[in-house]
There are 2 protein chains.
Amino acid sequence: MERQGEHEIAEGSAPRGRSAKSGHRPPQRRVTTATVIYDELYEAIVNMHLAPGTPLQEKALTQQFGVSKTPVREALIRLSEDGLVDIFPQSGTFVSHVPLSAIPEAQVIRLALEDTAIKRTAEIATVADIAQLDAKLASQRMLADIGDMDAFHAADEAFHEAIALIAGYPSIWKLLRQVKVQINRARRLTLPVAGRMHQVIGEHEIIREAIARHDVEAAREAMQSHLNVVIPDLARLRVAHPDYFV
Amino acid sequence: MERQGEHEIAEGSAPRGRSAKSGHRPPQRRVTTATVIYDELYEAIVNMHLAPGTPLQEKALTQQFGVSKTPVREALIRLSEDGLVDIFPQSGTFVSHVPLSAIPEAQVIRLALEDTAIKRTAEIATVADIAQLDAKLASQRMLADIGDMDAFHAADEAFHEAIALIAGYPSIWKLLRQVKVQINRARRLTLPVAGRMHQVIGEHEIIREAIARHDVEAAREAMQSHLNVVIPDLARLRVAHPDYFV
DNA sequence: CGGTTTTGACATACTAGTATCTTAGTGTAT
DNA sequence: ATACACTAAGATACTAGTATGTCAAAACCG
């Protein structure tokens with residue numbers, strides 16, 4: 001009972017080229033069919049709805065999305081640059097396995113970048129900024145109660161994103177997103193334990209307080225220990241899902 | 001007198017899929033036509049052989065490279081993700097302007113990542129590693145004497161890459177490459193002053209010595225001041241090349 | 001004559017089909 | 001029985017052509 005048209009893109013409903021005219025030289029935001037497919041597959045892979053090793057055939061995807069090969073192909077290429085799919089030329093394309101060996105380095109990078117961001121945020125955050133953090137925290141609390149893991153993790157990301165943006169470092173956030181991808185995939189294999197989620201929220205609250213007090217060192221330490229806790233027990237995961245990793 | 005076939009890719013000469021069979025699951029290295037075009041355009045843009053604002057038409061590029069639209073298109077998409085070209089949907093594609101406003105943040109990121117790398121390198125570098133650094137330094141000295149700017153900058157990159165790799169942080173180097181792109185473009189507008197090149201080499205030598213002594217703090221400070229010097233005088237560049245920046 | 005509308009050339013986004021490479025399976029010879 | 005060569009199926013990489021949106025210049029109207 002395969003519902004091939006499940007993800008079908010409504011024909012002509014996507015207003016692609018959103019009037020990029022304006023003044024002089026506006027940075028373009030391409031909203032193409034390829035982008036839609038990329039986003040959908042990205043979410044599915046990061047949320048582990050598509051298991052590592054799953055084959056992704058161009059032909060099958062064109063049918064599922066109801067489009068031609070080119071946009072599918074572009075989406076797969078971008079995903080391969082993110083390390084989320086492996087393309088074997090003229091052979092096959094598969095959802096990538098989580099590279100355990102790369103996770104320690106990703107963690108080191110993450111520490112360095114988040115430290116840079118929170119240092120600055122703790123220095124310059126305004127009351128409006130704090131209010132914004134509180135809003136994210138509130139929504140994260142609600143999602144933890146509901147137990148919606150996908151949304152909870154998205155809110156978690158949003159909190160860290162907000163810190164980077166308050167610091168005035170949007171590029172740092174883009175890099176972090178890129179670096180954390182494999183870590184997040186591993187995290188998604190941990191069971192949704194309510195206690196763990198509230199623990200994460202508690203750590204976020206400590207960070208928020210330190211920022212509000214403009215206590216740079218306290219904020220850094222709170223972030224540091226938060227990040228060191230967040231990393232999942234890789235050895236255990238590996239045993240539980242042996243063929244998800246390499 | 002336009003030599004359209006200048007960059008033409010020799011037909012069938014590129015061994016694309018390099019036997020990715022082997023044991024079980026080898027990470028693939030795609031050597032496709034699209035990759036070749038990407039690399040060539042990448043170098044041309046970063047070395048400022050293609051000025052910001054230059055239009056890059058798919059059609060013209062297909063003729064220059066003697067290939068079809070798809071590989072050209074893929075190369076342009078990848079370049080746009082690197083921030084090296086701006087694609088205006090259904091309108092046109094151009095070599096991007098150097099975003100002056102993003103350079104300070106890039107510098108901050110660079111400092112954080114290079115600091116992480118050199119810290120570890122200074123701790124664990126072996127005599128073989130030091131020898132490798134010396135080799136890079138020697139070639140950089142030679143290229144400075146010759147005055148080959150492109151090669152000199154490539155060797156400069158290689159020195160920093162070596163430090164990251166000795167630390168065991170290949171991903172950090174990948175990120176640095178990505179982050180430094182716009183900084184490098186700005187640097188390329190500085191005139192090839194021999195004194196400046198030898199100054200850079202001198203700073204590299206100080207770093208090398210600190211690593212060899214396993215003096216972590218000295219190495220970090222040397223790197224720090226090296227990176228702070230390397231940044232070009234943006235205000236002056238902007239005056240000299242007003243329409244290369246945004 | 002100034003401002004608005006229209007129109008058409010043009011560039012990218014997409015569709016469709018072909019070519020090439022990989023790889024597993026089969027058969028044969030050693 | 002094992003190792004090698006051949007064959008054929010299948011998937012991506014590429015070619016070629018169509019569709020669609022953009023932008024600017026010309027035409028039109030007030």
Side-chain angles (χ1 to χ4, degrees), chain A residues 8-38 53-80 85-95, chain B residues 8-38 53-80 85-95:
Chain A
E8 188 136 359
I9 296 171
E11 324 175 24
S13 73
R16 282 199 294 269
R18 55 176 55 192
S19 59
K21 45 177 303 189
S22 81
H24 184 50
R25 185 174 291 110
Q28 75 292 354
R29 230 310 159 270
R30 296 186 299 146
V31 182
T32 64
T33 309
T35 305
V36 174
I37 297 171
Y38 169 83
T54 305
L56 294 176
Q57 294 184 18
E58 278 185 6
K59 191 180 171 190
L61 291 173
T62 58
Q63 290 172 355
Q64 283 177 22
F65 285 97
V67 298
S68 185
K69 279 174 288 190
T70 300
V72 170
R73 180 173 168 67
E74 287 173 8
L76 290 176
I77 289 171
R78 287 185 56 192
L79 289 168
S80 81
V85 311
D86 288 331
I87 299 177
F88 298 87
Q90 262 95 11
S91 174
T93 301
F94 307 88
V95 177
Chain B
E8 188 137 358
I9 296 170
E11 322 174 26
S13 73
R16 280 200 295 269
R18 54 177 56 189
S19 58
K21 45 177 303 190
S22 83
H24 184 50
R25 185 172 289 108
Q28 75 293 356
R29 229 310 158 271
R30 295 186 299 145
V31 183
T32 64
T33 309
T35 306
V36 175
I37 297 172
Y38 169 83
T54 304
L56 293 177
Q57 295 184 19
E58 277 185 6
K59 191 180 171 191
L61 291 173
T62 58
Q63 290 172 354
Q64 282 177 23
F65 285 96
V67 298
S68 185
K69 280 174 287 189
T70 300
V72 169
R73 181 174 167 66
E74 287 173 8
L76 291 177
I77 289 172
R78 287 186 57 193
L79 289 168
S80 82
V85 312
D86 289 330
I87 300 177
F88 297 87
Q90 262 92 14
S91 173
T93 301
F94 307 88
V95 176

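Here is how names work: the chains are called A, B, and so on, in the same order as the sequence lines, proteins then strands, and each is numbered from 1.
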Does Thr33(A) put a side-chain nitrogen or oxygen below 4.0 Å from OP1 or OP2 of dC14(C)?
-> yes

Can you find a pair of side-chain heavy atoms, one from Leu76(B) and one from Leu61(B), that are under 4.5 Å apart?
-> yes

So, is Ser91(B) close to the dC10(C) phosphate, meaning a side-chain N or O under 4.0 Å from OP1 or OP2?
-> no

How close or far is atom C1' of dA9(C) from atom CD of Gln90(B), stated in whole angstroms?
-> 15 Å

Is Arg73(B) near enough to dA13(C) that one of its side-chain N or O atoms lies under 4.0 angstrom from OP1 or OP2?
-> yes

When you measure from the side chain of Ile87(B), which nucleotide among dT12(C), dC14(D), dT12(D) comes out closest?
-> dT12(C)

Nearest-Å distance for atom pair CZ/P, residues Phe65(B) and dA13(D) | 19 Å

Heavy-atom closest pair, residues Pro55(B) and Phe94(B) = CA-CD2, 3.5 Å

Mind calculating the distance between CD (Glu58(A)) and C1' (dC21(C)) to the nearest angstrom?
-> 14 Å

How do Thr70(B) and Gly92(B) order along DNA chain C: which one's closest nucleotide is nearer the 5' end?
-> Gly92(B)

Would you state whether a donor and an acceptor, one from the side chain of Lys69(B) and one from the base of dG17(D), lie under 3.5 Å apart?
-> yes

Taken to the nearest whole Å, OH/Tyr38(B) to P/dA13(D) is 17 Å

OP1 or OP2 of dA11(C) sitting under 4.0 Å from any side-chain N/O of Gln57(B)?
-> yes

Atom of Pro71(A), atom of Ala34(A) and distance for their closest heavy-atom approach = O-CB, 3.6 Å

Phe88(A) CZ - dA11(D) C1' separation (whole Å) | 13 Å

Might you work through the side-chain contact (heavy atoms from CB on, under 4.5 Å) test for Lys59(A) and Val72(A), ending with a clear yes or no?
-> CA-CA 9 Å; Lys59(A) 191 180 171 190; Val72(A) 170; over 6 Å; no

Looking only at dT15(C), dC14(C), dA13(C), the nucleotide nearest the Ser68(A) side chain is dT15(C)

Decide yes or no for Glu74(B) and Ile37(B): does some side-chain heavy atom of the first lie under 4.5 Å from some side-chain heavy atom of the second?
-> no

When the distance from CD1 of Ile77(A) to P of dC14(C) is rounded to whole Å, what number comes out?
-> 13 Å

When rounded to whole Å, the NZ to P distance for the pair Lys59(A) and dG17(C) reads 12 Å

When you measure from the side chain of Glu74(A), which nucleotide among dT12(C), dT20(C), dC14(C) comes out closest?
-> dC14(C)

Figure out the CD1/C1' separation between Ile37(B) and dA13(D), and round it to whole Å.
-> 12 Å

Just call it for Leu76(A): base, sugar-phosphate, or nothing, with non-hydrogen atoms closer than 4.0 Å on any strand.
-> nothing

